[in-house]
Amino acid sequence: MGLPRRAGDPAELRKSLKPLLEKRRRARINESLSQLKGLILSLLGRESSHFSKLEKADILEMTVRFLQELPASSCPTAAPTPSDSYREGYRACLARLARVLHTRRVLEPAVSARLLEHLRRRAASATPDGGRGGNSCGPPAPSPPPAPLPPAPPRDPGLWRPW
């Protein structure tokens, strides 16, 4: 296999590079399978000397079986859950809203206070799955109906605002 006769012909160039690219792709696959074999055998507690001649399909099947059994055997408890991150973001957003409402005086103070109190109560049970907190390993708990806002006090009819 030599260089293409005409260097400017893209079809000839692709034809000559294809075997080289395929060889590199196969080498990457084999290297990854070799690493996967070492990882999976160590996780399963087996010596790699007994399994030196595993086929690629065997390595993949062992990995799939291991990953399928993983959630059934243990539920990750030490890792931070997405709901923790969600709650932190919710609280940060609530604090920023409180600052904006206080400085800009967008709402009347009584309405602003009621809104913030409602959001603080919701923050106590806020999760990214719509209020279903708790363990992500079990079945999801039914979400409670949203709490209605109390009726707004009547506005002063003497003050007219164009918005």
Side-chain angles (χ1 to χ4, degrees), residues 1-104 106-107 115-116 118-147 149 163:
M1 168 171 59
L3 291 174
R5 291 189 183 119
R6 290 182 9 202
D9 189 8
E12 285 292 321
L13 184 62
R14 271 195 307 273
K15 214 176 201 181
S16 65
L17 288 179
K18 188 173 180 178
L20 181 62
L21 294 175
E22 181 64 18
K23 184 177 179 180
R24 287 183 185 168
R25 186 184 71 83
R26 287 178 181 266
R28 284 179 34 228
I29 291 171
N30 289 334
E31 177 60 30
S32 295
L33 280 168
S34 175
Q35 289 177 4
L36 187 58
K37 175 184 167 186
L39 288 170
I40 199 69
L41 289 177
S42 66
L43 287 171
L44 292 174
R46 299 181 181 168
E47 291 184 32
S48 38
S49 61
H50 296 299
F51 296 96
S52 61
K53 296 289 184 179
L54 279 176
E55 291 183 4
K56 296 173 186 178
D58 293 331
I59 296 168
L60 292 173
E61 285 173 357
M62 289 172 68
T63 304
V64 167
R65 261 188 263 121
F66 176 79
L67 291 174
Q68 284 174 340
E69 293 170 2
L70 186 63
S73 64
S74 68
C75 182
T77 55
T81 62
S83 63
D84 292 338
S85 173
Y86 181 83
R87 282 190 188 111
E88 289 173 23
Y90 194 105
R91 288 185 189 121
C93 184
L94 185 58
R96 189 170 183 184
L97 177 65
R99 284 194 305 272
V100 168
L101 288 176
H102 178 72
T103 59
R104 302 285 184 196
V106 178
L107 299 173
L115 174 64
L116 289 173
H118 170 75
L119 293 173
R120 283 189 184 104
R121 278 185 274 138
R122 298 289 294 173
S125 64
T127 59
D129 57 0
R132 295 182 297 260
N135 191 350
S136 61
C137 296
S143 61
L149 280 174
W163 55 87

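The structure displayed is predicted, hence computed values, not measured ones.
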Show me, pair by pair, the donor-acceptor contacts under 3.5 angstrom made by side chains of residues 26-35, not counting sequence neighbours?
from : atom 1 : to  : atom 2 : distance (Å)
R26  : NE     : E22 : OE2    : 3.1
N30  : OD1    : K56 : NZ     : 2.8
N30  : ND2    : R26 : O      : 3.3
E31  : OE2    : Q35 : NE2    : 3.2
S32  : OG     : R28 : O      : 3.1

### Task
To the nearest 0.5 Å, tell me how far K37 NZ sits from E55 CD.
11.5 Å

### Message
Working note: L41 + M62, criterion side chain to side chain contact (heavy atoms under 4.5 Å, CB included); need CA distance, chi angles, decisive distance, verdict.
### Response
CA-CA 9 Å; L41 289 177; M62 289 172 68; 3.6 Å; yes

## Note on the structure
dist R99:CZ -> L97:CG (nearest 0.5 Å) comes out at 10.0 Å

### Message
Tell me every residue that passes side chain to side chain contact (heavy atoms under 4.5 Å, CB included) with L43, counting only those two or more places apart in sequence or in another chain.
### Response
F66

### Query
Are the side chains of T63 and L39 in touch, meaning some heavy atoms are under 4.5 Å apart?
no

### Message
Going by side chain to side chain contact (heavy atoms under 4.5 Å, CB included), name the residues that satisfy it together with A98, two or more places apart in sequence or in a different chain.
### Response
L116, R120

### Query
Could you state the interatomic distance from CD (E61) to CG (L54), rounded to the nearest 0.5 Å?
10.5 Å

### Message
Please enumerate all residues that pass side chain to side chain contact (heavy atoms under 4.5 Å, CB included) together with R14, with sequence neighbours excluded.
### Response
P10, A11

